[in-house]
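Basis for what follows: all heavy atoms, side chains included, without hydrogens, waters or symmetry-related copies.
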Amino acid sequence: MNVVIYGAAGSIGTAVAEVFARQGATVHLTGRTAAPLEALAERLRAAGGKAEAAVVDALDEEAVEAHAARVGRIDVSLNLVPRGDVQGIPLVDMSVADLTRAVTAGLTGNFVTARAAARRMAEQGEGLILALNSGSAHNSPMMGSTCPADAALDALVRSLAMELGPSGVRVMGIWVAGIPETLTIEKLRAVNAGIDEGALAGIHAHLDSLRLLRRSPRLPDIAETIAFLASPAARGITGTWVNATGMFVS
């Protein structure tokens, strides 16, 4: 099995790559910076897995197509590329650029990578394209550009699933929000400069209180769920978003 992960060097990408490598897949790690990709690939290989690293800009159509051609058969394509979301600002106070950046980057990157995978998967008669967002299209005040960006990606996934289903290609998304291991000061300040340690602790506690299970999903939970969706046991599932946020009934 060939698994291509775009934006692979982050926390989620690393966890997912480790699970797929452990299951025997060849994991193709892509991103914009070589060093973290090479380090992750070497760690996976040292643990007995199969991994390749390549610098690929998911917004660059030619680069994505060229990499897909080198990989050849693609069984799973997963896009985890950051979109440049801006949060914590009332919509009426946001600039047009801050609102539209995540929409444009998220839709473009997911479309370009999904298209490259879909063309090859359709010829194979099988394959899985996966996207990820926070589920914030469902009425999330103060989430800024994340809401429209999530809504656009939700619609893209469902449309692709309907068009590609007759070819045997599955398309799904997973709603993920507030994974404790990813909610660091540095990452949160990238979208909301006013975050401090006290605010971070409050965010963690508040997120736990919002979950239906009163606990937030951890990285291993998310990685194993993604691997399950790619397994033969889930081969009848397509055209949906899997709710891993635990915040609402989907």
Side-chain angles (χ1 to χ4, degrees), residues 1-47 49-84 101-133 149 152-153 156-157 159-161 163-164 167-174 223 226-227 229-231:
M1 174 186 286
N2 281 329
V3 178
V4 180
I5 304 176
Y6 298 93
S11 301
I12 299 176
T14 297
V16 172
E18 289 173 344
V19 171
F20 276 117
R22 189 169 64 244
Q23 294 180 351
T26 298
V27 186
H28 298 268
L29 311 167
T30 80
R32 292 182 177 180
T33 307
L37 296 170
E38 293 289 355
L40 176 56
E42 180 56 35
R43 190 161 75 248
L44 295 176
R45 290 192 289 261
K50 294 173 286 186
E52 301 291 337
V55 174
V56 180
D57 182 350
L59 300 179
D60 185 331
E61 297 180 64
E62 293 185 1
V64 170
E65 284 290 341
H67 178 260
R70 291 195 299 273
V71 172
R73 180 184 177 89
I74 299 176
D75 297 287
V76 180
S77 175
L78 171 62
N79 191 307
L80 300 172
V81 177
R83 305 175 304 198
R101 185 184 307 111
V103 179
T104 301
L107 196 58
T108 301
N110 277 277
F111 173 69
V112 168
T113 57
R115 185 180 62 186
R119 288 170 172 170
R120 290 154 179 85
M121 292 175 178
E123 292 182 358
Q124 299 161 191
E126 60 182 352
L128 171 64
I129 297 168
L130 272 169
L132 181 148
N133 69 35
L153 187 52
L156 176 65
V157 163
S159 296
L160 283 172
E163 292 186 8
L164 296 172
S167 299
V169 180
R170 298 187 294 132
V171 187
M172 283 187 285
I174 181 167
I226 290 173
L229 294 175
S231 72

Rounded to the nearest 0.5 angstrom, the CZ-CG distance for F20 and L78 is 7.5 Å
Practice problem: Measure from the side-chain N and O atoms of Q124 to the backbone N and O of I74, and report whether any donor-acceptor pair falls under 3.5 Å. | Solution: yes
Rounding to 0.5 Å, atoms CD1 (I5) and CD1 (I12) come to a distance of 11.0 Å
Closest heavy-atom pair, V169 versus A122, reported as atoms and distance to 0.1 Å, is CG2-N, 3.7 Å
For R43 and E18, the nearest pair of non-hydrogen atoms, with its separation, is NH2-OE2, 3.9 Å
* Output yes when E65 and R120 qualify as a salt bridge under the 4.0 Å nitrogen-oxygen rule, no when they do not. => yes
N2 side-chain N/O to D75 backbone N/O, donor-acceptor pair under 3.5 Å: no
Validation row: L229, M172 side chains within 4.5 angstrom (heavy atoms): yes
Note: N79 and G109 closest approach over all heavy atoms is ND2-O, 3.3 Å
Next on the checklist: Please check this pair: side chain of N133 against backbone of A149, looking for a donor-acceptor N/O pair closer than 3.5 Å.
Outcome noted: no
Closest heavy-atom pair, A8 versus L37, reported as atoms and distance to 0.1 Å, is CB-CD2, 4.2 Å
Rounded to the nearest 0.5 angstrom, the OG-NE2 distance for S77 and H28 is 11.5 Å
OH (Y6) and CG (L80) are apart, to the nearest 0.5 Å, by 11.5 Å
Minimal heavy-atom distance between A230 and L128, with the atoms involved, is CA-CD2, 3.5 Å
- Message: Using side-chain heavy atoms (C-beta onward) and a distance below 4.5 Å, is V19 in contact with I226?
- Response: no
Fill in: Close side-chain approach of T113 to T30, heavy-atom, < 4.5 Å
no
Distance col, row D60:CG vs T108:OG1, nearest 0.5 angstrom, shows 12.0 Å
Decide yes or no for R119 and E123: does some side-chain heavy atom of the first lie under 4.5 Å from some side-chain heavy atom of the second? no
What one should report as the nearest heavy-atom pair of A152 and L107 is O-CD1, 3.9 Å
Taken to the nearest 0.5 Å, the spacing of L44 CG from R22 CZ works out to 10.5 Å
Original post:
Does the side chain of L164 reach to within under 4.5 Å of the side chain of I129, using non-hydrogen atoms?
Top reply: yes
Worksheet item: Heavy-atom distance under 4.5 Å between the side chains of L59 and V112, does that happen here?
Response: no
